[in-house]
Amino acid sequence: MTNLPDKPSLDGIEAGLMKRWDAEGVYRFDRTAAREQVFAIDTPPPTVSGSLHIGHVFSYTHTDTVARFQRMRGKVVFYPIGWDDNGLATERRVQNVTGVRCDPSLPFDPDFTAPFHGDVPKDHRAIPVSRPNFVDLCREITHLDEQVFEELIRRLGLSVDWSLLYTTIGERARRVSQRAFLRNLARGEAYQQDAPTLYDIDERTAVAQAEMEDREMPGSYHKVAFHRTDGQGDLVIDTTRPELLPSCVAMVAHPDDPRYQPLFGTTVTTPLFGVEVPVLAHPLADPDKGTGIAMICTFGDITDVTWWRELNLPSRALIGFDGRFATDAPEWIRNDAGREAYAHLAGLAPKQAQKKVVEMLQASGEMLGDARPITHPVKFYERGSRPLEIVATRQWYIRNGGRDDALRTSLVARGDEVTWHPPYMRTRYDNWVGGLNGDWLVSRQRFFGVPIPLWYRLDADGNPMYGDVLVPDEADLPVDPSTDCPAGFTADQRGVPGGFMGDPDVMDTWATSSLTPQIAGGWNEDGGVFDAVFPFDVRPQGHDIIRTWLFSTMVRSHHEHGGVPWRNAALSGWILDPDRKKMSKSKGNTVTPMHLLEQYGTDAVRYWAASGRPGVDTAFDEGQMKIGRKLSLKILNVSKFVLSFGEAEPDAPVDAPLDQAMLARLAKVVTGATTAFDGFDYARALEQTESFFWWFCDDYVELVKARAYEGDPSARIALRTALSTLLRSFAPFLPFVTDEVWSWWQPGSVHGASWPTAADLGADAGFDADAALDPVSEVLALVRRAKTEAKVSQRAIVERLVVRATPVQQAAIEAAYGDLRDAGSVQSVEYSTAEQLGCEVVLGA
RNA sequence: GGGCGCAUAGCUCAGUUGGUCAGAGCGCUGCCUUUACAUGGCAGAUGUCGGGGGUUCGAGUCCCUCUGCGCCCACCA
């Protein structure tokens, strides 16, 4: 069969092919496959609260090329897709587009409708809604977002199996996530603790170490005088947070610091508040910082927490969950002046309180000199807008090695069981695991997430007994403790003395997405295929989330399965804007992909993406899209040309030396591309194939076309063989144009065809194709150049061609002379021997 | 402060174990209405491979060092 279009075109081929792939189930996972036959991909579920930008196109294309390669190679490819729709990012988006906020104390309103949909006026005050109403809204909005995402992912031609679609808030994800958590709990890997926690006072939730970032913020040093109780004068400290003076519990200096050694064991009183605090020694105190002595507060920073813990200090917390100073003066401030001073701070936010304290210190003469402005790094929640505070709260943790050297060591060792692409990404994992300073805080005081599946018994006074945890049966998962009852209780016992209460928190979004292999594979789920896919073959992801997604997935797999979740980790680079800044929505420098797909075609955009080396950040350059467009177009045209010669009789031999050499060269390319793909280096595979392809078009096809027109079977078979090989080699990168061309002359989809091998080409592995081909190409180029320089048509006649070359080169040229003659319109040739290849070209009149 | 990465033509980038490695495409210049392709074809120009040392017969390619940029981490009082 050969069915050539008169005027082949790239325009609009995508829609038809996408339909066809769906209808034929080209990418469907075979659920009966055994593990050895499967290639399983732990696809990153994009966050639907954001938008897909060109950076997603970049990295998702990389994975898709590998998936397509493996599929053609005969693997049963497990290529799921999911939407990450749970968590704070979604809540924010919902608040922004609907004008509501969640107030869990409100009752469900079945008739509630959101006041806005996308156009919330700036002066609008968010309307409080119940948690169930809020969650409903979240589902509604994410559902709409997900449709937009699906459209783009499909348009990109990703060969995912849509029947494997999951969402991180979906029922299966909730069940898997809760099951995994309960098993962590049963094995002692999950535990709760009442401890100082980094807390975002705007979002009113605890935050994990992995979600924090430093930001350079303006601040000021203040020299503040504490008064020695022995009457021997003052002790001066330098602090950036004078507002925490009322929370001061001690002073600390380095044990070897001679300036303060005499004071250890004595006490001082705080300025303004007159609270007596001890002067202590601790090696973490830095003699070179400030005055070498610091005040310890509850809590100014993580070091304060360390000192508080290691020096057994009291806790004097004043900043509450609302981020404001407590309204009543604390009991540890005893004198009247101190209590009066505190009254000025009551109810203030830290920033306002600082201003007030400085005023008071200046008035009392206890501040020396002026504030000295500095910029210094301050801890923020990565999505937050105000500095994190440290607040003591009860939270759930999962052990991740941050407090346990043995576990830390085994998790670092797990990194050895994964092959990293590129290898240096391994170091980032090691650094992160090695630098952990606490366990993984998984509870969040939020609403749209997987609930922590626990209840607590209430004592006779109605207070929760957190030590008395009530767990659900795995068979009943997923549960929502805020509406479901624990076994042995009834709904009317909720919140009453002797009854129970549900844990109000949800899990961190990473606590669910750390289980994508288990969710996608259906771990312990009806209809799951977990045993056939786990451990997965590859986790593709961005290098910026090694510390979060990659590491947390490793932790869960280590605990639950005693092994790694995947064999390979493929880290993709970022797309940078022309100023080499990372593209991100918050910077407003994103490029949206749809118009590029429409303007250049999907294949061209994929070509650009696949040209980016694994792990390498690449600046966005729209000009590069044109290259892929041109390549696609060339494939279309040369295919039509090659196929237009018709078929030769099937058993005819490929006996022309040039044809044999071309196939031998192609065989090497196929081998090289295969090796590159096996190492996840799609870009190298593409480069090799492309480089061959342009030589094939520019030189080989030009050389043999006369012979092909005449019906020479060797040329016709070689051309068709090469075309088939090239289409299959390009198929992972340019799925549309290759399948379009494939459909002209082959049954089925090219994406269901087999990956080419050197053996298919019947080439002699020892044959030196370059030695046979390069001299011919060179002579052809010299002839063309002569015509170009003479400003004549390439069809102009060459009366006489004198080739100067080594004997070996002469033999190669002579073997292909018939083709060279026809392609260059050469009338006669002579040879002379020379070290350096050269030509004398005598053009006809 | 520690770690990792990057620095090659105007632009975006290749150069896998040191020996045609000084490349590709874009852009630029010229030529060609050639019957697959003018959304084309053919050809051309462009670089002290960030600076300085060193190893070697030979170094973008290995070592040291400096400079600049990016990222990650850090106890940031």
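All chains are named by letter (A, B, ...) in the order of the sequence lines, taking the proteins before the strands, and each is independently numbered beginning at 1.
Following rounding to the nearest Å, Q209(A) (CD) and C72(B) (C1') show an atom-to-atom distance of 13 Å. Atom CG in N431(A) sits roughly 7 Å away from atom C1' in C4(B) (whole-Å rounding). The distance between atom NZ of K289(A) and atom P of G1(B), rounded to the nearest whole Å, is 12 Å. Atom P of nucleotide C76(B) and atom CG of L388(A) are separated by 16 Å, given to the nearest angstrom. Atom CG of N437(A) and atom C1' of C72(B) are 15 Å apart (whole Å). Nucleotide A77(B) holds its P atom 11 Å from the NZ atom of K379(A), rounded to whole Å. Look at CE on M425(A): it is 14 Å from C1' on G3(B), rounded to the nearest Å. The distance from atom CH2 of W549(A) to atom C1' of C72(B) is 19 Å, rounded to the nearest whole Å.
The minimum heavy-atom distance linking R716(A) with E647(A) is given by the pair NH1-O, 4.1 Å. Closest approach of L245(A) and T270(A) over heavy atoms only: O-CG2, 4.4 Å. A683(A) approaches G612(A) most closely through the heavy-atom pair CB-O, 4.0 Å. Nearest heavy-atom pair, Q354(A) versus T240(A), reported as atom, atom and distance to 0.1 Å: NE2-O, 3.2 Å. Between P283(A) and H254(A), the closest heavy-atom pair is O-CD2, 3.3 Å.
Nucleotides G27(B) and U46(B) place their C1' atoms 12 Å apart, quoted to the nearest Å. Separating the P atom of G47(B) from that of G10(B) is a span of 8 Å, rounded to the nearest Å. Straight-line distance between the P atoms of A7(B) and C63(B): roughly 15 Å, to the nearest whole Å. Across G60(B) and G23(B), the matching C1' atoms stand 12 Å from one another, rounded to whole Å. The gap from the P atom of C76(B) to that of U67(B) amounts to 24 Å, rounded to the nearest Å. Atom name P, nucleotides A24(B) and G68(B): the rounded distance is 34 Å, in whole Å. Straight-line distance between the P atoms of C6(B) and C13(B): roughly 13 Å, to the nearest whole Å. Between C71(B) and U29(B), the distance separating the two C1' atoms is 41 Å to the nearest Å.
Side chains of E687(A) and S611(A): no donor on one and acceptor on the other come within 3.5 Å. One side chain, W695(A) or S777(A), offers a donor N or O that lies under 3.5 Å from an acceptor on the other. Using a 3.5 Å distance cut-off with no hydrogens or angles, the side chains of D603(A) and S632(A) do not pair a donor with an acceptor.
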Begin from the C-alpha positions of D699(A) and R784(A) and carry the test salt bridge (Lys or Arg N to Asp or Glu O under 4.0 Å) through to its verdict. CA-CA 11 Å; D699(A) 286 8; R784(A) 285 169 171 162; 3.2 Å; yes
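Comparing atom distances between the Y221(A) side chain and each of A77(B), A43(B), U39(B) picks out A77(B) as nearest. Each of C75(B), A77(B), U12(B) was ranked by its minimum atom distance to the side chain of A619(A); first place goes to U12(B).
Residue H376(A) places at least one side-chain N or O closer than 4.0 Å to OP1 or OP2 of A77(B).
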RNA chain B in dot-bracket form (Watson-Crick or G-U pairs under 3.5 Å, [ ] crossing, | inter-strand) is (((((((..((((.....[...)))).(((((.......))))).....(((((..]....))))))))))))....
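Between the CD1 atom in I635(A) and the CZ atom in F736(A) there is a gap of 14.0 Å [rounded to 0.5 Å].
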Under a 4.0 Å heavy-atom criterion, the protein footprint on nucleotides 25-38 of chain B, written with B, S and -, is BSS--BSS-BBBB-
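For F733(A), the ring pair (Phe, Tyr, Trp, His ring centres under 6.0 Å) test picks out F677(A), with sequence neighbours left out. Applying the side-chain contact (heavy atoms from CB on, under 4.5 Å) criterion to K634(A), with sequence neighbours excluded, gives F693(A), W694(A), C697(A). Take R316(A) and apply the salt bridge (Lys or Arg N to Asp or Glu O under 4.0 Å) test, not counting sequence neighbours, and it matches no residue.
Residue order along RNA chain B, read from the 5' end via each residue's closest nucleotide, puts Y424(A) first among Y424(A) and R629(A).
G23(B): glycosidic angle beyond 90° from 0, hence anti.
If you check every strand for non-hydrogen atoms under 4.0 Å, W694(A) touches sugar and phosphate atoms only. Nucleic acid contact for T240(A): sugar-phosphate only, since backbone atoms but no base atoms lie under 4.0 Å from a heavy atom of the residue.
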Show each protein N/O and nucleotides 14-23 of chain B N/O combination with a separation under 3.5 Å, one pair to a line.
unit_1	atom_1	unit_2	atom_2	d
A14(B)	O2'	R613(A)	NH2	3.3
A14(B)	O2'	E687(A)	OE1	3.4
A14(B)	O2'	E687(A)	OE2	2.6
G15(B)	OP1	R684(A)	NH2	3.0
U16(B)	O4	R684(A)	NH1	3.3

